[in-house]
Amino acid sequence: MRQFIYRIYNIKENKYTMTGSLYGCEGIAHLAQCFNRNETIIEEYTGLDDIKGTKVFEGDIVKQKIGRKYEYNAVVWESCGWYINEFPLVMFDDGMIVAGNIHHHSKLLKK
């Protein structure tokens with residue numbers, strides 16, 4: 001059975017309040033019932049780590065080298081997979097670095 005890893009961001013407290021693991025679909029359905037979606041944001045682990053070994057979650061901002069420049073982009077779930085812009089996240093797994101998250105480091109996305 002697949003392990004799902006999540007982190008919970010509390011909107012009111014402006015911080016991550018929990019990271020945990022669940023197994024199978026039953027665990028995911030239970031997770032949605034335990035947290036108020038108006039007060040929390042649930043972000044899933046993508047299954048990939050950056051070049052430093054940091055887990056990459058939905059909502060993370062990753063830094064990757066494009067040519068001679070670095071670009072910062074948010075990791076999002078779109079219909080059937082994890083993406084950075086319009087490109088699948090797996091295209092960047094050999095050179096990305098987690099630079100922050102969209103809640104605390106959104107200024108990085110404007111660079």
Side-chain angles (χ1 to χ4, degrees):
M1 191 180 308
R2 179 174 172 235
Q3 179 184 23
F4 295 89
I5 301 173
Y6 292 91
R7 64 183 183 190
I8 311 300
Y9 181 78
N10 187 301
I11 297 167
K12 289 182 179 180
E13 295 179 20
N14 193 30
K15 67 179 183 177
Y16 286 98
T17 55
M18 179 182 181
T19 300
S21 300
L22 297 171
Y23 292 90
C25 296
E26 300 82 19
I28 295 168
H30 180 69
L31 181 68
Q33 294 173 355
C34 292
F35 293 95
N36 180 337
R37 290 294 193 145
N38 294 324
E39 297 175 6
T40 58
I41 298 171
I42 301 170
E43 299 171 337
E44 186 177 349
Y45 171 52
T46 63
L48 297 174
D49 297 346
D50 72 2
I51 60 173
K52 296 180 179 180
T54 303
K55 289 182 176 6
V56 179
F57 281 84
E58 172 183 14
D60 277 341
I61 297 171
V62 294
K63 171 180 154 179
Q64 71 248 39
K65 192 169 187 177
I66 308 293
R68 293 183 175 173
K69 293 183 177 180
Y70 284 98
E71 288 189 12
Y72 295 86
N73 294 292
V75 176
V76 297
W77 173 266
E78 289 187 15
S79 64
C80 62
W82 302 106
Y83 285 83
I84 297 175
N85 291 331
E86 297 87 33
F87 302 102
L89 181 63
V90 295
M91 290 177 63
F92 305 101
D93 69 341
D94 62 341
M96 66 182 166
I97 299 169
V98 174
N101 62 68
I102 58 173
H103 309 292
H104 298 131
H105 305 98
S106 61
K107 292 178 186 176
L108 292 174
L109 296 175
K110 296 175 184 168
K111 289 185 177 180

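The figures here come from the full heavy-atom set of this structure, side chains too, leaving out hydrogens, waters and symmetry mates. Along the sequence shown, residues carry numbers from 1.
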Undergrad: So, using side chain to side chain donor-acceptor pair (under 3.5 Å) as the criterion, who are the partners of Y83 when residues are at least two apart?
TA: none
Undergrad: Should I97 and Y70 be counted in the same cluster of Ile, Leu, Val, Met, Phe, Trp and Tyr side chains packed under 4.5 Å apart?
TA: no
Undergrad: If we only count heavy atoms from C-beta on, is the V98 to K55 side-chain gap below 4.5 Å?
TA: no
Undergrad: Check for me, please, whether V90 and V76 land in the same ILVMFWY cluster - side-chain distances under 4.5 Å, paths through other members count.
TA: no
Undergrad: Is there a side-chain contact between Y9 and I42 in this structure, where contact means two heavy atoms from C-beta onward sitting under 4.5 Å apart?
TA: no
Undergrad: Please determine which of V56, L48, V75 meets the side chain to side chain contact (heavy atoms under 4.5 Å, CB included) test together with W82.
TA: V75
Undergrad: Find out whether M96 and N73 are in side-chain contact, i.e. whether some heavy atom of one side chain is under 4.5 Å from a heavy atom of the other.
TA: no
Undergrad: Could you state the interatomic distance from CD (E78) to CD (E86), rounded to the nearest 0.5 Å?
TA: 7.5 Å
Undergrad: Where do H103 and E43 come nearest, in terms of heavy atoms and distance?
TA: NE2-OE2, 2.7 Å
Undergrad: Any heavy-atom pair between the side chains of I84 and E71 that's under 4.5 Å?
TA: no
Undergrad: Is there a path from Y45 to Y16 through hydrophobic residues (I, L, V, M, F, W, Y) whose side chains come within less than 4.5 Å of each other?
TA: no
Undergrad: Would you name the heavy atoms of R7 and D60 that are closest together and state the gap between them?
TA: NH2-OD1, 2.6 Å
Undergrad: Honestly curious: do W77 and V62 fall in one hydrophobic cluster under the side-chain, below-4.5 Å linking rule?
TA: yes
Undergrad: Is there a path of hydrophobic side-chain contacts, each under 4.5 Å between heavy atoms of I, L, V, M, F, W or Y residues, that connects I41 with F57?
TA: no
Undergrad: Quick check for you: to the nearest 0.5 Å, what is the distance between N10 atom CG and K15 atom NZ?
TA: 8.0 Å
Undergrad: Would you compute the distance between atom NZ of K107 and atom CD1 of I61 and round it to the nearest 0.5 angstrom?
TA: 12.0 Å
Undergrad: Show the nearest heavy-atom pair for residues A74 and L109, with the distance to one decimal.
TA: N-CD2, 3.6 Å
Undergrad: Nearest 0.5 angstrom please: H105 NE2 to K63 NZ, how far?
TA: 13.0 Å
Undergrad: Listed by chain and number, what are the salt bridge (charged side-chain N to carboxylate O under 4.0 Å, His left out) partners of K52, not counting sequence neighbours?
TA: none
